[in-house]
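Take a look at the structure set out below.
To find a chain, count down the sequence lines: A is the first, B the second, and so on, and within it residues start at 1.
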2 protein chains.
Amino acid sequence: MTSTEPPVRAPLTREAVLSAAASLVIQHGPQALTMRKLAAELGTAVTSIYWHVGNRESLLDALVERTVRELGEIRPRGRTPAARVVSLARALRRELRAHPHLIAMVHERGLTERMFLPAQRALVHEMHAAGLRGARAAEAVRAVQFAVIGHLLVERNRERAPVQRPGEPELWTAATAGDDPALARVLSRPPDAERVFTASIRALVAGLLDS
Amino acid sequence: MTSTEPPVRAPLTREAVLSAAASLVIQHGPQALTMRKLAAELGTAVTSIYWHVGNRESLLDALVERTVRELGEIRPRGRTPAARVVSLARALRRELRAHPHLIAMVHERGLTERMFLPAQRALVHEMHAAGLRGARAAEAVRAVQFAVIGHLLVERNRERAPVQRPGEPELWTAATAGDDPALARVLSRPPDAERVFTASIRALVAGLLDS
DNA sequence: ACCTGAACACCGTTCAAGT
DNA sequence: ACCTGAACACCGTTCAAGT
């Protein structure tokens, strides 16, 4: 006798809103997360969302909280402290690259430091093992941290805007490269982000640990 | 006899549109650059702007072109190649920090590489002077470039979202710092971006040049 | 306690119409 | 060649009203 009623929807919850929001961001990027699209996705009125999460700002805050909480633990590998720091940095990069959109949102909402705390602890441990202490160790930790985040931001951006106008190719010919055709060849091609990252971190850590 | 006419406005030009757009961005940030606010600023109808610059996308493109073209030259200082590379990086950072909003737009529109070309040439020169050539030199150039851009992006973000919740202070106590109170003290305070940058670049360049 | 539609003040963009 | 207002399809948010 109830078969002609409108379909019974599961009652809207804060968690359901957050999950739908996350899936929108993961699938179509942050700009796809509008209150109206979210409501459509959930099959509710736009205004219902407001009752559960306040407004768009606090929705984003909550989403970011969730992402930070869910970020996995990372374990260093390798024998020397330098190798272990490099492995931490690479693992961190891999972890953060898993959900680039969400990470971007974390960053944009100023929670990057907080997200980095577990990694920071591990880094401190390795710096101590390498014989650095106090302000020196702290600065080394921060240098690695900035490098990881910085490279991620640069990469994310390259991926989002791959078309470089006029583009490097026509700008690096053998003539402009100080008679170094091999260099011209490498610089005229888009960089391999992973390679640049690994090389940078190795050099950075080497420079930090022996001086 | 023409004194009661509406005030004669200088005819709208593409340049006038670009200048007004730039000033809006510099003063109030990229989100303040809406077509309607721009029209209000110029005292014209919104739609007039479209005649001169096409649409919002091409307006941003043109704005970014202009910024890139106006970026000044940078000269290396110092005696050793390492010192000269560090000085290039620091000058670059200072230059880019002068108009953070515009630089952010350049980056978001994928023109960062292009903007970096003059600096890239100078860096290549120094890498050659330091004895690096070919792929090794190219990778070193890219590492420095990524480091400069990366640090800038991280800093810009810290400045935009200075409120860190819960914040590092309560997270770094002597107890959690592996018995290193000096380190805990440094890590519980917000980093001095300039210091971190200089230390990072020095270590990176040292690591790149001697291995 | 939860959900709704109407309404408001914003967007970018198109288009037909003016000079 | 240049400028205009009206109109369209989008935003986030508020609010009074429903159950």
Side-chain angles (χ1 to χ4, degrees), chain A residues 1-2 4-25 27-65 101 104-105 108-109 160-161, chain B residues 1-2 4-25 27-65 101 104-105 108-109 160-161:
Chain A
M1 49 197 5
T2 60
T4 57
E5 305 289 321
V8 180
R9 212 189 43 227
L12 194 57
T13 64
R14 187 182 157 86
E15 272 314 302
V17 172
L18 288 181
S19 295
S23 115
L24 263 181
V25 170
Q27 285 178 50
H28 306 107
Q31 88 288 349
L33 178 53
T34 73
M35 301 303 267
R36 286 170 145 93
K37 279 181 189 154
L38 186 52
E41 196 79 7
L42 289 162
T44 62
V46 199
T47 41
S48 304
I49 298 173
Y50 283 81
W51 199 91
H52 289 279
V53 298
N55 56 15
R56 190 167 190 272
E57 278 300 283
S58 22
L59 168 61
L60 293 185
D61 278 340
L63 204 53
V64 158
E65 280 290 343
H101 291 320
M105 286 179 52
E108 257 149 46
R109 302 195 81 69
R160 220 181 357 156
Chain B
M1 55 194 3
T2 59
T4 55
E5 307 286 323
V8 180
R9 211 190 44 228
L12 194 58
T13 65
R14 186 183 158 85
E15 272 314 302
V17 173
L18 288 181
S19 295
S23 115
L24 264 181
V25 170
Q27 286 177 50
H28 306 108
Q31 87 289 349
L33 178 52
T34 73
M35 301 303 266
R36 286 171 144 94
K37 279 182 188 154
L38 187 51
E41 195 79 8
L42 289 161
T44 63
V46 201
T47 40
S48 304
I49 299 173
Y50 283 82
W51 200 92
H52 288 280
V53 298
N55 57 15
R56 190 166 189 270
E57 279 299 285
S58 23
L59 167 61
L60 293 185
D61 278 341
L63 203 54
V64 159
E65 280 289 344
H101 291 320
M105 285 179 53
E108 257 149 46
R109 301 195 81 69
R160 216 175 8 149

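- Out of D/dC2, D/dG12, D/dA7, the shortest distance to the side chain of A/Arg36 is found at D/dG12.
- Side chain of A/Tyr50, nearest nucleotide from D/dG12, D/dT4, C/dC11: D/dG12.
- The line from CZ of A/Arg14 to NE2 of A/His52 is 10.5 Å long, rounded to the nearest 0.5 Å.
- Using a 4.5 Å heavy-atom cutoff, the side chains of B/Leu33 and B/Leu63 are in contact.
- Taking atom CG of residue B/Asn55 and atom P of nucleotide C/dC15, one finds them 13 Å apart after rounding to whole Å.
- Ranking C/dA1, C/dT13, D/dG12 by closeness to the A/Arg56 side chain, first place goes to D/dG12.
- Under 4.0 angstrom from either OP1 or OP2 of C/dC3 there lies no side-chain N or O belonging to A/Thr44.
- Taking the nucleotide of DNA chain D with the nearest heavy atom to each of A/Lys37 and A/Thr47, the more 5' of the two is matched to A/Lys37.
- Nucleotide D/dT14 holds its P atom 10 Å from the CE atom of A/Met35, rounded to whole Å.
- Distance CH2 (A/Trp51) to P (C/dG5): 18 Å, rounded to an integer number of Å.
- Along DNA chain C, the nucleotide closest to B/Thr34 and the one closest to A/Val46 are compared, and the more 5′ of them pairs with A/Val46.
- Note on A/His52: a side-chain N or O is less than 4.0 Å away from OP1 or OP2 of C/dC3.
- B/Ile49 places its CD1 atom 12 Å from the P atom of D/dG5, with the value rounded to the nearest Å.
- Across all strands shown, the partner of D/dA1 is C/dT19, judged by Watson-Crick or G-U wobble contacts whose two distances both fall under 3.5 Å.
- We find that CG of A/Leu38 is positioned 16 Å from C1' of D/dC10, with the value rounded to whole Å.
- B/Ser58 places no side-chain N or O within donor-acceptor distance of the main-chain N or O of B/Asp61, the cut-off being under 3.5 Å.
- Nucleotide C/dG12 forms a pair with D/dC8, judged by Watson-Crick or G-U wobble geometry with both contacts under 3.5 Å.
- Distances shown here put every side-chain N or O of A/Ser48 at or beyond 4.0 Å from the OP1 or OP2 atom of C/dC2.
- Residues B/Asn55 and B/Met35 are not in side-chain contact: their nearest non-hydrogen atoms beyond the backbone lie 4.5 Å or more apart.
- No side-chain heavy atom of B/Thr44 sits under 4.5 Å from any side-chain heavy atom of B/Leu38.
- Considering only side-chain atoms of B/Ala45, the nucleotide from C/dG5, D/dC3, D/dT4 that sits closest is D/dT4.
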